[in-house]
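Notes follow the structure.
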Amino acid sequence: MTDDLRSSVVLGSRVLAENGHSDMVWGHLSLRDPAGRGIWIKRAGLGFEELTSDDIHLVGWDGERVEGGGDVHLECHIHLEVMRARADVSSVVHSHPEAAVTLAGTGIPLLAVGHEACFFAPGDLPRFTETGDLIRDPALGRSVAATLGERNAALLVDHGIVVAESSLPRAVFGAVLLERAARMTLAAVSAAGGVGNVAHSSQAEALAKRDRCYSDRQVGHGWDYLVRRLRTDTERKGTSS
Ligand SMILES: [Zn+2]
């Protein structure tokens, strides 16, 4: 059971690494402990793509390590406080992907110029502006959770992203979509010369697409694809080395 939880966090972290979420050793993916003891998350000091099951430890609700080795990430409070506030959230991604962080700093809204942004409908993502510094204590974690509210993602201005979902595949898949949606929004606004010149889905269409494009079944297919591609890439690298 514990092995399965650790393996899931390793797999999700590798998918994040393959899809634009690596920032050296910073950023993390968490999974709620089914027994209610806290969160499973990687130890500090390693990148998403470097992990093995031994690098995933259990952090209790007080931010202290309960099981496993290594140092606890300073920003564990993002995960702990979001999950404490949201019983419906089982997995959280916090990372620093370039396009989403850039978008956060511009104030430009996330636009549904493709399907991707519809995962986060309705409306623009909430933006956390209290600090661009690390979310290093429970009080800041609670502020991030308050900014997130009932949504499934938020931008931390001058810092990164938070994606909070009902399952680890949905959280990782959402993080992958968010970075793509941010990149497309920036490109569209830049090419068109302003937000007002960009054609994008209405709120009603974005909501309809959220349910049609990103049902659990559809996300399951997308997740399976991301895992297959990861394994194919890993095998190719193994063959070529
Ligand atoms: Zn961070």
Side-chain angles (χ1 to χ4, degrees), residues 9-10 12-32 38-51 55-59 61-65 70-86 89-107 110 120 125-149 151-165 168 171-183 186:
V9 176
V10 169
S13 297
R14 289 184 178 167
V15 170
L16 288 169
E18 282 277 300
N19 290 276
H21 287 266
S22 277
D23 177 19
M24 292 183 261
V25 300
W26 297 287
H28 9 82
L29 161 67
S30 65
L31 180 59
R32 186 190 288 270
I39 56 171
W40 293 90
I41 188 169
K42 78 179 180 70
R43 67 180 176 91
L46 291 173
F48 281 135
E49 71 281 10
E50 300 184 286
L51 304 175
D55 302 313
I56 310 303
H57 56 201
L58 176 64
V59 175
W61 295 107
D62 58 358
E64 297 294 324
R65 185 159 48 80
D71 293 333
V72 178
H73 272 286
L74 285 173
E75 294 195 302
C76 66
H77 302 291
I78 297 172
H79 305 258
L80 292 167
E81 297 309 323
V82 166
M83 287 202 209
R84 202 194 306 271
R86 293 272 301 274
V89 170
S90 291
S91 183
V92 172
V93 174
H94 168 60
S95 60
H96 310 146
E98 292 176 18
V101 173
T102 303
L103 182 77
T106 65
L110 188 71
F120 310 99
L125 293 180
R127 294 175 193 227
F128 177 79
T129 58
E130 188 175 327
T131 179
D133 203 342
L134 298 180
I135 308 303
R136 58 197 177 276
D137 58 41
L140 284 168
R142 285 193 290 275
S143 290
V144 169
T147 298
L148 181 70
R151 302 290 297 277
N152 61 353
L155 300 175
L156 311 185
V157 174
D158 299 335
H159 180 173
I161 67 161
V162 175
V163 178
E165 269 288 349
L168 184 144
V172 172
F173 188 78
V176 172
L177 290 182
L178 177 52
E179 176 63 354
R180 284 174 53 170
R183 196 182 319 126
L186 289 169

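Both counts, for ligands and for their atoms, begin at 1 and track the order of listing. Residue numbers run from 1 in the order of the sequence given. Keep in mind that the numbers below use all heavy atoms, side chains included, and drop hydrogens, waters and symmetry copies.
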(message) I'd like to verify the contacts: list protein N, O or S atoms under a distance of 2.8 Å from the Zn ion (ligand 1).
(response)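 Only E75 OE1, H94 NE2, H96 NE2, H159 NE2 fall inside 2.8 Å of the Zn ion (ligand 1).
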- Query: Considering all heavy atoms of both residues, which atom of A104 and which atom of L156 are nearest to each other, and what is their separation?
  - Reply: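 Scanning both residues completely, I find the closest heavy atoms to be CB-O, 4.5 Å.
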**Any R151 side-chain heavy atom under 4.5 Å of L125 side chain** =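 They are in contact (side-chain heavy atoms under 4.5 Å apart), so the answer is yes.
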**Q.** side-chain hydrogen bond (donor to acceptor under 3.5 Å, both in side chains) pairs, two or more places apart, involving residues 97-107
**A.**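 Qualifying pairs, neighbours excluded: none.
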For residues 133-149, which residue pairs pass the side-chain hydrogen bond (donor to acceptor under 3.5 Å, both in side chains) check, not counting sequence neighbours?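 Passing the test, one end in residues 133-149: E130-S143.
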* By side-chain hydrogen bond (donor to acceptor under 3.5 Å, both in side chains), which residues pair with R86, not counting sequence neighbours? ->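 Result, side-chain hydrogen bond (donor to acceptor under 3.5 Å, both in side chains) vs R86: D88.
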- Query: Parallel, tilted or perpendicular: which fits the ring planes of H96 and H159, with parallel below 30° and perpendicular above 60°?
  - Reply: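 Taking H159 first and then H96, their aromatic rings sit tilted (interplane angle of 30° to 60°).
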